[in-house]
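Quick notes on the structure that follows.
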Amino acid sequence: MVTKPAHERSTTHDVTNQAPPLAPYDACEDTALLEGLRREGAGWAEEDIRRLGFRAGSTEAQDWGDQANRHEPVLRTHDRYGNRVDEVEFHPSWHHLMRVAVAEGLAGAPWADDRPGAHVVRTAGGLVWGHTEAGHGCPTSMTYAAVPALRRQPELAKVYEPLLTGREYDPVLRVPTEKRGLLAGMGMTEKQGGSDVRTNTTAATPTAEPGVYTLRGHKWFTSAPMCDVFLVLAQAPGGLSCFLVPRVLPDGSRNTFRIQRLKDKLGNRSNASSEPEFDGTVAWLVGPEGQGVKTIIEMVNCTRLDCVMSSATLMRKTLVEAGHHARHRSAFGARLLEQPLMRNVLADLALESEAATTLTLRLAGAADRAVRGDAGESAFRRIATAVGKYWVTKRGPAFTAEALECLGGNGYVEESGMPRHYREAPLLSIWEGSGNVNALDVLRALSRESGAGDALFAELALAQGADARLDAAVTRLKGRLSEASETGARRLVEHMALTLQASLLVRHAPAPVADAFCATRLGGDWGHAFGTLPDGADLDAILERALPGGV
């Protein structure tokens, strides 16, 4: 008689029909991601991305993500002697995650890499390393985005860019130029304005030293307050301007950066978000006075791309979790993965996930080529990033909820990790401009940015004639542009996003994927919830491509 080990026995029952732990698994086992990496000119990094994906899915890294969220950051305003220090303490797991992310080039490293595709590599790295947890992606994203803004002030960029683009994580607060690597944050929004930064009241007063100002005011949502330097908007005599604020001054003294409190957020809880107060805070002007918004616009383009990337990552992670559960769980005499309706749900989620990943990598490719001087790609990036930011991040919450439901009650308990993903999902639509802000930005790009609309339709034309439903959608989209209005902005941008995603899938995905996406998202043969693909959809082919290990 075989006796089960003690940990597998219960006094009242045996534990059966439960899925085993997912980890270790390969977060890079994603066909759409690897194809996109090669297609966008970054195939030279495939070995590194595969290595990072395997590490992301390791039991160790998955545990880091769990622990960083269970042990949240703690604000310490004063030391034991009563001195103001304004430091945030993190669990060691946070530092492990950050150390890997920075070392793998997920912060500012691409700006120091001349190889075509370097920015695509960073995005692909985020798509796999993000399987660990999302919070630590905030400081790496802001560090990445700070570099092009800082270049508006070459003398500052000369000093700080080599440290922002380095691959060493050094979390101790000290004189920035004495460190091996730096992280950058941003302080834009205030209580009274939020996204309407022109209403900011933080004042910047020039000092006798050229380019040096002192700030007085308060910021409402400044994430990652443990960073070394911050890009901050404030009202100078010449208007709203951008400034670089160090936490520690060149003489080693602490700059005035009083953290009033950390935000008690719905999700993203491993990451500290704060309300800092400035009072005589030393700051250096970045770009001309009065051009603060123009200075940071490139930063916004970068962080918006990262919001799209993070939403696509969250979709992929929760799809993998749902597919793993369905493969191992049985009900009513068959595995869940074998049951037709569950297969429909998972296939529908797989379509959404592939469309998000494919668009993310296309946007990363546009960003990479725009940095290298491609005017057409720059115009496409300008409008398509705003379109993608609006739509992909909007799809995240519904997607994550459906993936959670695939696990049933198992998915509703914290131990599964799915509640953490669900709480994370709405954030990406809110940060870097809410849905309305991004939809209106698309209208602004169409009316004010030369060539933006033409660049979008040039991209769509690459798939012309391949699918009648896509051709009809492009025709309808052209008609809608003539009657575009603020009231209908969301509907217009949704149409743009679905048409753009469909065109990419028609060109690059297998026929079953492209056909099902066009039939449902463009052709209307779809319900109002995931799992409503038509009977003719090739579910086997879609799932075989999407799920690790196939079906």
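Since the model is a prediction, treat every value here as computed from it, not as a measurement.
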Is any side-chain heavy atom of [X] less than 4.5 Å from a side-chain heavy atom of [Y]?
X: N271; Y: H136; value: no
X: L359; Y: V387; value: no
X: V308; Y: E432; value: no
X: M342; Y: L337; value: no
X: I49; Y: L37; value: yes
X: E133; Y: S270; value: yes
X: L336; Y: H328; value: no

E104: partners by salt bridge (charged side-chain N to carboxylate O under 4.0 Å, His left out), with sequence neighbours left out = R51
Check salt bridge (charged side-chain N to carboxylate O under 4.0 Å, His left out) between D467 and all other residues, then give those that pass, not counting sequence neighbours.
->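 Expected list: R469.
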Are R490 and Y390 in a cation-pi setup, meaning NZ or CZ lies under 6.0 angstrom from the ring centre and within 45 degrees of the ring axis?
-> no
Nearest-0.5 Å distance, [atom1] of residue [X] to [atom2] of residue [Y]:
X: R507; Y: T358; atom1: CZ; atom2: OG1; result: 11.0 Å
X: L97; Y: W64; atom1: CG; atom2: CH2; result: 6.5 Å
X: L533; Y: D535; atom1: CG; atom2: CG; result: 10.0 Å
X: S416; Y: Y422; atom1: OG; atom2: OH; result: 13.5 Å
X: T318; Y: E402; atom1: OG1; atom2: CD; result: 10.5 Å
X: L498; Y: L470; atom1: CG; atom2: CG; result: 11.0 Å

Could you note down all residue pairs passing salt bridge (charged side-chain N to carboxylate O under 4.0 Å, His left out) where residues 542-551 supplies at least one of them, sequence neighbours left out?
->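 Output for this query lists E35-R545, E354-R545.
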What pairs meet the salt bridge (charged side-chain N to carboxylate O under 4.0 Å, His left out) rule with one or both residues in residues 142-154, with sequence neighbours excluded?
->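 Sorted pair list: R151-E161.
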Check ion pair [X]-[Y] (N to O, under 4.0 angstrom):
X: R381; Y: E298; answer: yes
X: R521; Y: D348; answer: yes
X: R50; Y: E47; answer: no

So, the side chain of [X] versus the backbone of [Y]: is there a donor-acceptor pair under 3.5 Å, distance only?
X: S378; Y: D374; value: no
X: K317; Y: A312; value: no
X: N69; Y: G65; value: yes
X: R395; Y: W391; value: no

Counting neighbours of [atom1] on [X] that are heavy atoms of other residues, nucleotides or ligands and sit closer than 6.0 Å, is the number greater than 12?
X: R480; atom1: CZ; value: yes
X: F221; atom1: CZ; value: yes
X: Y412; atom1: OH; value: no

The single option from R448, K389, R382 passing salt bridge (Lys or Arg N to Asp or Glu O under 4.0 Å) against D441 | R382
Tell me, which pairs form a ring-ring contact (aromatic ring centres under 6.0 Å, His included) where one or both residues lie in residues 480-525, sequence neighbours left out?
-> none
Those residues at least two apart in sequence (or on a different chain) that pass side-chain hydrogen bond (donor to acceptor under 3.5 Å, both in side chains) with R38 are E46
Take R122 and D306, measure what salt bridge (charged side-chain N to carboxylate O under 4.0 Å, His left out) needs, and give me the verdict at the end.
-> CA-CA 10 Å; R122 176 188 174 272; D306 279 4; 2.7 Å; yes
Could you walk me through whether N410 and R329 pass side chain to side chain contact (heavy atoms under 4.5 Å, CB included), step by step?
-> CA-CA 11 Å; N410 288 330; R329 180 80 164 180; 4.1 Å; yes
Side chains of T165 and W111: is there a donor and an acceptor less than 3.5 Å apart?
-> no
Verify whether the ring centers belonging to H324 and Y25 lie closer than 6.0 Å.
->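 Here the rings of Y25 and H324 have centres that are no less than 6.0 Å from each other.
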Could you please spell out the steps behind the salt bridge (charged side-chain N to carboxylate O under 4.0 Å, His left out) verdict for E377 and R372?
-> CA-CA 10 Å; E377 288 289 85; R372 300 173 199 285; over 6 Å; no
Would R444 and E449 satisfy salt bridge (charged side-chain N to carboxylate O under 4.0 Å, His left out), going step by step from the backbone distance to the final call?
-> CA-CA 7 Å; R444 189 177 303 109; E449 303 286 338; over 6 Å; no
Please report the C-alpha distance between R420 and E424 in whole Å, then the side-chain angles of each, then the deciding distance to 0.1 Å, and finally whether the salt bridge (charged side-chain N to carboxylate O under 4.0 Å, His left out) criterion is met.
-> CA-CA 6 Å; R420 168 159 60 91; E424 192 73 34; over 6 Å; no
Closest non-hydrogen atom pair, A356 against V392 | CB-CG1, 3.9 Å
